[in-house]
Each structure stands twice: as C-alpha cells, then as structure tokens.
Amino acid sequence: EIAVRIAHAAAALGIETVAIAPPADATALHTTVATMTVALPAVGDPVAAYLDIDAVIQAGVDAGCDAVHPGYGFLSENAEFARRCAAAGMTFVGPSPEALELFGDKDQARALANKLDIPTVLGSPAAIAAPGDAAAAAESIGYPVMLKAAAGGGGRGMRAVMEPSELADAFERCQSEASAAFGDGSLFLERLVVDPRHIEVQVMADNTGAAVHFFERDCSVQLRNQKVIEIAPAANLDPDLRAQILADALTLISGASYHNAGTVEFLVEPATGDYFFIECNPRIQVEHTITEQVMGTDLVLSLIHISEPTRQAEIS
C-alpha cells in the first residue's frame, strides 16, 4: 500500500519511480504503478528479499535512482540502510541514521525525553537481557508492569504482567518475538498504565530545523496492542492537555535534530489526566492517511519535497 502511495505522489510531481520485487511479487500492485520494476534475487522467503540491503541498494544503483523512499516496515528504520543509501549516492527519504538509532532504541528515546523534561512512565533505567533482571526491576517499579521490546514497535514484543508468577513466561515470549521481528531481543519494563488513552502526534521537520505538527490522532481502540481505530482529532481531549502534548512532541523532535515525518506517541492516564511519552516512530506511519483527510495535506508528497537536497524550508 505505501509503495503505491509513494509512486502516486511521485507521479504527481513528475518524478519517475522504480519498484522492487522478488519473483513472488512480480505481479503485485506496486509493480504496475511504478515507471519500472527491478527484480530482487529470490532468496526463499519473499520477505527476506526486501530486507537484503545489498540487493536493494544494487537495484537502486542499477536503475540510476536519485533517492530511496523506505515507506514503513522492512528497512525503513534501519540506520545502516540509510547510511548505505547515502554512500551509494542516493538520498534516503527519511531521518538521519543518528535519529533512526536514537528512536530505534526506546531506552535512548526515554532518556532524551527525560532530559527535555517531557514526562515518561516509570521504568527500568536500561535494557534488560535476563529474566532475573526483569524480576528485580519489576519489584522496584511495582506491579502491574509492561514488558516491551527495546527495538522496533507495532505492538510486537509486548506483554502486560499483572503479578510476579507471570513474569518468566512473558519475558521468554517477548524476547522471542522481539528477536524474530527486530533481530534484537533486548527488553525493558514500564509501570503499566491501565486503560490509557493513546494519543499520537503527527510531526514533520525539514533539514533547516523547521518543525510543525499536524495535530493528534487517538488510537486507543486496540486489539492485542495493534491499533484498530484512529480518530482525528482526539475527541473530548482537554484543550490545555492537547496543547501540552503537541508542544512536547515538537520539543522532542527539535531536541533530536530530527527531519522527516514522524509520530510521537503518548499515553494519558484517565484517572489523573497525567500524560507520558512512550516512543517516536521515525518514519511515515500507516495511520498518516487519517491526518491527511483531516488536515488536507499530502504528507507523502511533502516528504519528497523536503528531502530534495536543494529544497529550502518547505514546511515553515
């Protein structure tokens, strides 16, 4: 879906596009809307083909591409891939490798938020690699707690733990899922915020340091930590609370010297109205389309604009 979306945005700007696909996806929709298609080597699992940095870079070089748009998923948050694109002379339509590394590690992101006086949920001070360390951290924080993968996102590698007897099994499951999904089994613990509102802020920043938000989305309706319904703007959100959350989202982005689209996510505790930063997704997000409908702004097209090396502060 996102590859099709990117191809349409590029076509609107008169920019040619190159789709990549392994043999299993040779007739997939994204190959029909791009200007041309380059076949990726067959490596067994079709998904693995899209994760083959060497093959993806070579496809772009062979096709004479000026830029690579990673979309979401696959290599979109891979700092090494971003570096390799630059080394091959192709603009990575995304954040800097440093920003990808920062926000790809939730512990580092939490540390930055704390430094900037943005509230975070009480949690373990560093990544946890062993069940015994998790038990000690949970005892210090107090149950219930939430186990989370330190890398990646999308609701994978997460488990709520209500009491000590559940911790060992939850740790093993989270670590296994995180290793499979992100190649990193590191976990961390947070105090579980029960039945929170989940508010995410769409932001965009260019290479000059100009940054704006496109207000918020409420993604509180979830199933197995996967977002099901997005509402924009968030209904019945206190205006002062909304202003604080939006301001903190921009503070975080500016403090990270971030550029590109991103989504800064917060939890709001219903009983107290307290809010907490939980993570920043350094990429265009699946849910960007609801913000486009509300704001009347083509975010994907804007991303292409602000990624052009000669382009100035398009969003200011």
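Note that CG of Leu40 is 11.5 Å distant from CD of Gln58, once rounded to the nearest 0.5 Å. Distance check, rounded to the nearest 0.5 Å: NE2 of His69 to CZ of Arg283 gives 12.0 Å. To the nearest 0.5 Å, atoms CG (Leu116) and CD1 (Ile118) are separated by 5.0 Å. A distance of 4.5 Å separates CD of Glu230 from SG of Cys219, quoted to the nearest 0.5 Å. Here the CG atom belonging to Leu112 is positioned 7.5 Å from the CZ atom belonging to Phe277, to the nearest 0.5 angstrom. To the nearest 0.5 Å, atoms CD1 (Ile15) and CD (Glu308) are separated by 5.5 Å.
Taking a cutoff of 4.0 Å between a charged side-chain nitrogen and a carboxylate oxygen, Arg159 and Asp169 do not qualify as a salt bridge. Between Arg197 and Glu216, no side-chain nitrogen of the basic residue sits less than 4.0 Å from a carboxylate oxygen of the acidic one, so the salt-bridge criterion is not met. The residues Glu269 and Arg191 are annotated as salt-bridged, a charged nitrogen and a carboxylate oxygen being separated by less than 4.0 angstrom. Glu279 has no carboxylate O lying under 4.0 Å from a charged side-chain N of Lys148, or vice versa, which leaves the two without a salt bridge. The residues Glu166 and Arg173 are annotated as not salt-bridged, no charged nitrogen and carboxylate oxygen being separated by less than 4.0 angstrom.
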Walk me through whether Asn207 and His259 qualify under side-chain hydrogen bond (donor to acceptor under 3.5 Å, both in side chains).
CA-CA 6 Å; Asn207 294 323; His259 64 85; 3.2 Å; yes
Could you go through the side-chain contact (heavy atoms from CB on, under 4.5 Å) check for Phe215 and Thr291 one step at a time? CA-CA 8 Å; Phe215 292 92; Thr291 292; over 6 Å; no
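Residues Ile57 and Tyr50 share a single hydrophobic cluster, defined by chaining ILVMFWY side chains whose heavy atoms lie under 4.5 Å apart. Residues Tyr143 and Val193 fall into different hydrophobic clusters, defined by Ile, Leu, Val, Met, Phe, Trp and Tyr side chains chained together at heavy-atom separations under 4.5 Å. Under the 4.5 Å side-chain heavy-atom criterion for grouping Ile, Leu, Val, Met, Phe, Trp and Tyr, Ile6 is not connected to Val33 through any hydrophobic cluster. Cluster annotation: Leu267 and Ile199 are assigned to distinct hydrophobic clusters (Ile/Leu/Val/Met/Phe/Trp/Tyr, side-chain heavy-atom contacts under 4.5 Å, transitive). Under the 4.5 Å side-chain heavy-atom criterion for Ile, Leu, Val, Met, Phe, Trp and Tyr, Val221 and Phe266 are members of distinct hydrophobic clusters.
Nearest heavy-atom pair, Asp248 versus Pro119, reported as atom, atom and distance to 0.1 Å: OD2-CD, 3.7 Å. Here the shortest heavy-atom pairing between Phe92 and Cys85 reads CD1-SG, 4.1 Å. Nearest heavy-atom pair across Pro282 and Glu77 is CD-OE1, 3.3 Å. A pairwise comparison of heavy atoms in Leu187 and Ala178 identifies CD2-CB, 4.3 Å as the closest pair.
Taking the ring-ring contact (aromatic ring centres under 6.0 Å, His included) definition, one finds that Tyr72 meets it with nothing, sequence neighbours left out. Applying the side-chain contact (heavy atoms from CB on, under 4.5 Å) rule to Leu223 yields the partners Val228; only residues at least two apart in sequence or on another chain are considered.
Counting heavy atoms of neighbouring residues, nucleotides and ligands inside a 6.0 Å radius, atom CG of Asp66 does not exceed 12 of them. For Glu80, the CD atom is densely surrounded, since the number of other residues' heavy atoms within 6.0 Å is greater than 12. Remark: Asp195 CG is loosely packed, at most 12 non-hydrogen atoms of other residues, nucleotides or ligands lying under 6.0 Å away. Within 6.0 Å of CD in Gln222 there are more than 12 heavy atoms belonging to other residues, nucleotides or ligands.
In summary, of the residues considered (His288, Arg217, His213), a side-chain hydrogen bond (donor to acceptor under 3.5 Å, both in side chains) with Gln202 occurs for Arg217 alone.
When atom types are taken as modelled, the side chain of Thr35 and the backbone of Thr17 share a donor-acceptor pair closer than 3.5 angstrom.
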